[in-house]
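All values reported here derive from a predicted model rather than from experimental measurement. Side chains are part of it too, since the values below use all heavy atoms of this structure and drop only hydrogens, waters and symmetry mates.
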Amino acid sequence: MAGLDGVALRCSGLWKRYGTIAAVADLDLEIRQGECFGLLGPNGAGKTTAVEMFEGLNTPDSGTVEVLGQRWRGDGDVRLRSRIGVALQETQLADNLEVEEVVRLFRSFYPSGKTVEEVLVLLGLDGPRHTRVHQLSGGQRQRLAFATALVGDPELLFLDEPTTGLDPQARHRIWDVIADFRDRKGTVLLTTHYMEEAERLCDRVAILDHGRTIAQGTPGDLIRDLGAEQVVELTLDGDVSDDLLCGLPGVTRVARRGDQPLVGVNRIGEALPALLDLLAARAVPVRALVTRQASLEDVFIHHTGRGLRDA
Amino acid sequence: MPDRPARPPAHPLLELTWARMLEFAREPGAVFWTFGFPVLLAIGLGVAFRARPPEPVRYRISGDASIAADVRDALEGSVGIEAVDLQEPDLDRALQAGRIDVVVQPTVREEGTLEVTYRYDPERDAGRLGWHLVDDALQRARGRTDVVEVREAPERSPGVRYIDFLIPGLIGLNVMGSSMWGTAYNIVLARRRRLLKRLAATPMRRSHFLLSFVGARLLFLASEVVALVIAGRLLFGVIVRGSLTTLGLVSLLGSLAFMGLALLVASRPRDTEVAAGWMNVVMLPQYLLSGAFFSWERFPEVLHPVLRLLPLTAFNDATRAVFNQGASLVSLGPELAVLSVWTVACFFLALRHFRWQ
Ligand SMILES: Nc1ncnc2c1ncn2[C@@H]1O[C@H](COP(=O)(O)OP(=O)(O)OP(=O)(O)O)[C@@H](O)[C@H]1O
Ligand SMILES: [Mg+2]
């Protein structure tokens, strides 16, 4: 049983300051039982700070966190801790232990859960089970971190950037395990700066920037709210005004990434020829032109004028 | 390799202790530094300070050949001195280099009596004291009679030699060093690597984590102390006069006190270098002041009350008393009290201030 109202995690008015910067500023979230919720944001947005407050590892300056209907109290949280699973953004698990030994050690902390063997197989770690942690590849390490989070059969799983730095194959493997966990009615909170990951796995997302939520909803809704199906990314040696671009047929909106325009369009067949005509008429040389589906990235740019992985 | 399915986990405290021991055993060099090094150190120091049979005083007679032969005959067969046939013209250099201890220069005065000059290097005991031996032998050979009856009683019995003092001291150094480094370094490293935070996110009981260090340490402690006791016994005949149980209990309490200190040092730093600095601040004074290599009683008397309160001093005094005086637990009350207070105070403070992230 999660919170009685089917809410797995709720926070309101959450603040955390470090010196003069607010790492998390007035965050309100509600994560429903059984959903996969994504916290998106660029480096330093406050994702890790927020998640560690949810996990009871960091104390908020103000605001409340309720996990599975309970608040963190300090020392006596053993019961609550046995119901959640945690993979921190970076942990070097004991270097000189073997994979199987690490999983077993973590399993011993939980009153119930999967067998060591099940977890090893689930994450494809039965092959390197006798490999020492310091000899693992990056992907194997991430999977081991994931294994230690899953081993207690948690109701709620916190994954802080579970696939950062992995190759596509390793990433897909982790996605499969996350999707499988959710299909078995588990709740997941994951942070990421990969749009594809969020769009693919998450039922709902919150986009963070400078500690604040700038958008929240299902990936589909957030993208639809942009009112553009396609985006034309232009790289120009010169400039045309947003007003001129907006006046073109099929163009719904114009955003800027740096000083280069991102043109949101609905009817690409009409918009593209008109756009090229305009640029030719104004004698603005085009260095690059890319069209693609609108994504969560555009939602972020729409709100901040920056890309998610821009500095 | 064909894999057996993974063994199910045991009690978390056992698993934590087991993990700690595996990590230690797999740490390159850890085993040597814990067991091999102290034994090698004991051997080295023991050899350097071993009770040698006294070397004879080496003398060389110089001067007129016939008188020299007379003197040599007179000295022939005397105990503790030895004539050296040194074909070296520069006797001063031979003295300086220590190839001989005394140069005997006999001359015959006009009235026929023998006169002897002894040359030696006053910086070296072998010369400064040795010429008396040569002189004694010569005087006796020439008919001097002693007026006082003398009996020699050199003290060589086990229990009062330097090595008997040294071995308990080495046990102290070793127990302190390994208890402190083994604990503090691993904790700070785990904190820096965010392993402590990861563990704090599990339902693991925090006391189990800290107790696992104690558990693993005690197993190693036993083998460390045993290695030194056996080495002392086999190599130098150092015997434990008191009971081995008492020695075990003293070692246990000492190790707990040092682990408490280590926990306190490691309770907050995130950086192994910072922790290492603090470790040295805590350990170096005790290396010097706690009577490991020579008795702390040689320091000025005003310092004694302070020195006695150091955990290593209490530990050294207690083990030494067990080794050499056969002390019982009861008679070690003051030392055990000092160690207990350190243990309780350090564990208490460390737990209150411990930082998990
Ligand atoms: N312990 C700390 N002390 C001081 N500042 C901190 C601390 N932890 C985080 N910050 C600051 O708070 C802000 C948010 O950091 P946080 O790690 O939560 O971001 P993030 O979204 O997880 O970023 P990333 O994607 O790089 O992991 C950053 O500006 C960071 O420098
Ligand atoms: Mg982060």
Quick one: list whatever passes ring pair (Phe, Tyr, Trp, His ring centres under 6.0 Å) with A:Phe106, sequence neighbours left out. A:Phe109
Do A:Arg81 and B:Thr202 touch side chain to side chain, with heavy atoms closer than 4.5 Å? no
Expected output: side-chain B:Arg7 to main-chain A:Val116 donor-acceptor under 3.5 Å: no
Ranked by heavy-atom pairs below 4.5 Å to chain A, first place among B:Pro12, B:Ala10, B:Pro8 goes to B:Pro12
Supply the atom-to-atom distance A:Asp95 CG to B:Glu27 CD, rounded to the nearest 0.5 angstrom. 8.5 Å
Just give me the residue among A:Arg104, A:Glu98, A:Gln92, A:Arg107 that pairs up with chain B most often, heavy atom to heavy atom, under 4.5 Å. A:Arg104
Heavy atoms under 4.5 Å from chain A: which residues of residues 220-234 of chain B carry them? none
Part of A:Thr115 within contact of chain B (heavy atom distance under 4.5 Å): neither
So which bits of residues 177-197 of chain B come within less than 4.5 Å of chain A, counting non-hydrogen atoms only? B:Arg193, B:Arg194, B:Leu195, B:Lys197
If you tally heavy-atom pairs under 4.5 Å between each of A:Val103, A:Val121, A:Thr148, A:Leu93 and chain B, the highest tally belongs to A:Thr148
Tell me the closest heavy-atom pair linking B:Ala19 and A:Leu105, and the distance in Å. CB-CD2, 4.2 Å
Taking CD in A:Gln135 as the centre, count heavy atoms belonging to other residues, nucleotides or ligands within less than 6.0 Å. Is the count above 12? yes
Heavy-atom check, side chain of A:Leu97 versus side chain of B:Arg26, under 4.5 Å: yes
To the nearest 0.5 Å, tell me how far A:Ser108 OG sits from B:His208 NE2. 9.5 Å
Give a yes or no on whether A:Trp72 atom CH2 has more than 12 heavy-atom contacts from other residues, nucleotides or ligands under 6.0 Å away. yes
side-chain contact (heavy atoms from CB on, under 4.5 Å) partners of A:Ser12, counting only residues at least two apart: A:Asp28, A:Thr64
Given heavy-atom pairs under 4.5 angstrom as the criterion, report whether the side chain, backbone, both or neither of A:Glu101 touches chain B. side chain
